[in-house]
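Notes follow the structure.
Because the structure is predicted, anything quoted here is derived from the model rather than measured.
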Amino acid sequence: MTISSPKIIEIQNATVYRGRTKVFDQLSLEIIRGQSVAILGPNGSGKSTFLKLLSRELYPVQNENSFLKVLGEELWNVWELRTHLGIISQDLQEQYLGRVKGLDVLLSGMYSSVDIWPHQTFTSQDQQRAEALLRKLGMDHYREKKYAEMSTGEQRRLLLGRALIHDPDVLVLDEPTSGLDVKACFLYLEIVRRLLQAGKTIILVTHHIHEIPPEITRVVLLKAGQVMADGDKSDILTSRNLTDLFDIPVELVRLNGFYQVIPGKKNDYD
């Protein structure tokens, strides 16, 4: 299916429940193709629910003047959608069995499956693409290595390759450096930066401010199921806004295009 819609996601007045809990109430948000965005919010802000809306695991309550479209469509075959959206989450990382080999992790992306299975077939082009991605990620020597024998950072890089196997329209990253040490974090962010510089559209969903690379220019602050602020990164990422977002005084620091926060004084923003 060819995608012609200029909008990756279009949410209009959406009310969304997780079980009996109302997560979003009249949420509206648009992200257009070619615009990489960071969705930043604390735990409990609705980030995971947003991801499940994007992957069509959840749907909003049906109401007049309310809708949710992904890549221009309200209804999707989930398997087809996954060829257009490359979603990398911690849930996915935990689903893989330890015996799976590195190359097979990438190949499994062809069927959006966890591991590869006897009924699945792969062409020589599929194999070549997976091999090329391993080299691109600097992981060609992990071809035969078992998933369980890899570090968290190595597993995360493999899953990025799995998401790229279809060259999707959009990459969706869920707290991509969570649990990584400094070296693994920086290696992963460098790969993400190269993808952004090459023109890949990325939606980054996180509560880690340091994960937002310089190439991302739009930031959405999400708090308690509401869009607290949305706009240009330089306008949205301020000490005042982040203090309000996380409900604790913070001081924002910027260096080399990256941002980080340090504890602020309790009376700075009273």
Side-chain angles (χ1 to χ4, degrees), residues 47-48 51-52 54-58 76-196 198 200-206 208 211:
K47 299 191 304 298
S48 63
L51 286 168
K52 289 184 181 298
L54 197 58
S55 64
R56 312 314 283 132
E57 295 175 64
L58 283 177
W76 272 97
N77 176 314
V78 174
W79 301 107
E80 184 178 0
L81 177 61
R82 289 176 182 176
T83 67
H84 298 285
L85 289 181
I87 300 178
I88 308 162
S89 67
Q90 294 184 54
D91 287 346
L92 177 63
Q93 183 166 356
E94 293 168 1
Q95 289 173 13
Y96 268 84
L97 301 176
R99 60 175 173 75
V100 184
K101 295 181 179 180
L103 182 66
D104 292 343
V105 172
L106 270 68
L107 286 172
S108 67
M110 300 298 301
Y111 290 90
S112 299
S113 60
V114 175
D115 201 353
I116 62 172
W117 303 96
H119 67 278
Q120 297 171 344
T121 58
F122 301 96
T123 66
S124 59
Q125 289 81 5
D126 295 337
Q127 295 274 350
Q128 291 168 11
R129 178 159 181 77
E131 298 273 9
L133 280 169
L134 281 176
R135 290 192 295 273
K136 185 176 181 179
L137 295 169
M139 300 190 73
D140 48 319
H141 54 296
Y142 289 82
R143 187 183 191 282
E144 297 295 325
K145 190 171 183 177
K146 292 181 180 179
Y147 188 78
E149 296 172 353
M150 301 179 195
S151 68
T152 300
E154 290 163 350
Q155 292 173 353
R156 203 74 55 82
R157 283 156 63 195
L158 272 183
L159 293 176
L160 179 57
R162 176 187 183 274
L164 289 169
I165 198 77
H166 281 294
D167 191 21
D169 299 273
V170 184
L171 271 180
V172 183
L173 308 180
D174 176 21
E175 298 181 1
T177 69
S178 179
L180 304 189
D181 63 23
V182 171
K183 180 179 179 180
C185 174
F186 288 179
L187 284 172
Y188 196 96
L189 288 176
E190 181 57 33
I191 293 170
V192 171
R193 293 192 68 186
R194 291 203 304 265
L195 289 168
L196 285 163
K200 180 65 68 180
T201 300
I202 291 178
I203 298 175
L204 171 66
V205 181
T206 188
H208 298 297
E211 289 185 335

Exercise. Which distance, rounded to the nearest 0.5 Å, do you find between the CD of Gln128 and the CZ of Phe122?
Worked result: 14.5 Å

Problem set entry | With Leu81 via side chain to side chain contact (heavy atoms under 4.5 Å, CB included) - residues at least two apart | Arg56, Val70, Leu71, Trp76, Leu85

Exercise. Which residues satisfy the salt bridge (charged side-chain N to carboxylate O under 4.0 Å, His left out) test with Arg194, sequence neighbours excluded?
Worked result: none

Exercise. Can Lys47 and Glu175 be said to form a side chain to side chain contact (heavy atoms under 4.5 Å, CB included), step by step?
Worked result: CA-CA 10 Å; Lys47 299 191 304 298; Glu175 298 181 1; 3.6 Å; yes

Seminar exercise, completed: Between the NE2 atom in His166 and the OG1 atom in Thr83, the distance rounded to the nearest 0.5 Å is 6.0 Å

Seminar exercise, completed: His208 meets the ring-ring contact (aromatic ring centres under 6.0 Å, His included) criterion, sequence neighbours left out, with His210

Exercise. Can you name the closest pair of heavy atoms from Leu106 and Gly161 and give their distance?
Worked result: CG-C, 3.8 Å

Seminar exercise, completed: Those residues at least two apart in sequence (or on a different chain) that pass side chain to side chain donor-acceptor pair (under 3.5 Å) with Arg157 are none

Problem set entry | Residue list, side chain to side chain donor-acceptor pair (under 3.5 Å) with Asp104, at least two apart or on another chain | none

For this session: Please name the pair of heavy atoms, one in Pro168 and one in Gly86, separated by the smallest distance, quoted to 0.1 Å.
Result: CB-N, 3.7 Å

Exercise. With respect to Leu158, which candidate in Val105, Leu103, Leu137 satisfies the side-chain contact (heavy atoms from CB on, under 4.5 Å) definition?
Worked result: Val105

For this session: Return the minimal non-hydrogen interatomic distance between Ile87 and Ser55, and the atom names on each side.
Result: CD1-CB, 3.6 Å

Exercise. Counting distance only, does the side-chain N/O of Arg156 pair as donor-acceptor with the main-chain N or O of Ser178 below 3.5 Å?
Worked result: yes

Can I get a per-line list of side-chain donor-acceptor pairs under 3.5 Å for residues 181-190, giving both atom names and the distance, sequence neighbours left out?
from: Asp181; atom 1: OD1; to: Lys183; atom 2: N; distance (Å): 3.3
from: Asp181; atom 1: OD1; to: Ala184; atom 2: N; distance (Å): 2.8

Exercise. Once you round to the nearest 0.5 Å, how far does CG of Leu164 lie from CG of Leu133?
Worked result: 6.0 Å

Seminar exercise, completed: Applied to residues 125-151, the ring-ring contact (aromatic ring centres under 6.0 Å, His included) test, sequence neighbours excluded, yields Tyr96-Tyr147

Exercise. Do Leu54 and Val170 have side-chain heavy atoms sitting under 4.5 Å apart?
Worked result: no

Exercise. Partners of Lys52 by side chain to side chain donor-acceptor pair (under 3.5 Å), sequence neighbours excluded?
Worked result: Glu57

For this session: Look at the side chain of Gln155 and the backbone N and O of Gln93, then say whether any donor-acceptor pair between them is shorter than 3.5 Å.
Result: no

For this session: Would you please name every residue forming a side chain to side chain contact (heavy atoms under 4.5 Å, CB included) with Leu196, sequence neighbours left out?
Result: Ser36, Val192, Ile202, Pro213, Glu215, Ile216

Exercise. Got a sec, which residues hit side chain to side chain donor-acceptor pair (under 3.5 Å) with Asp167, two or more places apart in sequence or on another chain?
Worked result: Lys200

Exercise. Salt bridge (charged side-chain N to carboxylate O under 4.0 Å, His left out): which pairs involve residues 122-133, sequence neighbours left out?
Worked result: Glu131-Arg143

Problem set entry | Side-chain touch Lys145/Glu154, heavy atoms, less than 4.5 angstrom | yes

Exercise. Which pairs count as salt bridge (charged side-chain N to carboxylate O under 4.0 Å, His left out) when at least one residue sits in residues 105-123, sequence neighbours excluded?
Worked result: Arg99-Asp115

Problem set entry | Pairwise distance CG(Leu180) to OG1(Thr152) - rounded to 0.5 angstrom | 6.5 Å

Exercise. Looking at side-chain heavy atoms only, is the closest gap between Arg162 and Leu92 below 4.5 Å?
Worked result: yes

Problem set entry | Heavy-atom neighbours of Lys136 NZ exceed 12 at 6.0 Å | no

Problem set entry | Nearest-0.5 Å distance, OG of residue Ser108 to NZ of residue Lys101 | 14.5 Å

For this session: Mind checking the CD1-CG spacing from Ile88 to Leu159? Nearest 0.5 Å is all I need.
Result: 7.0 Å

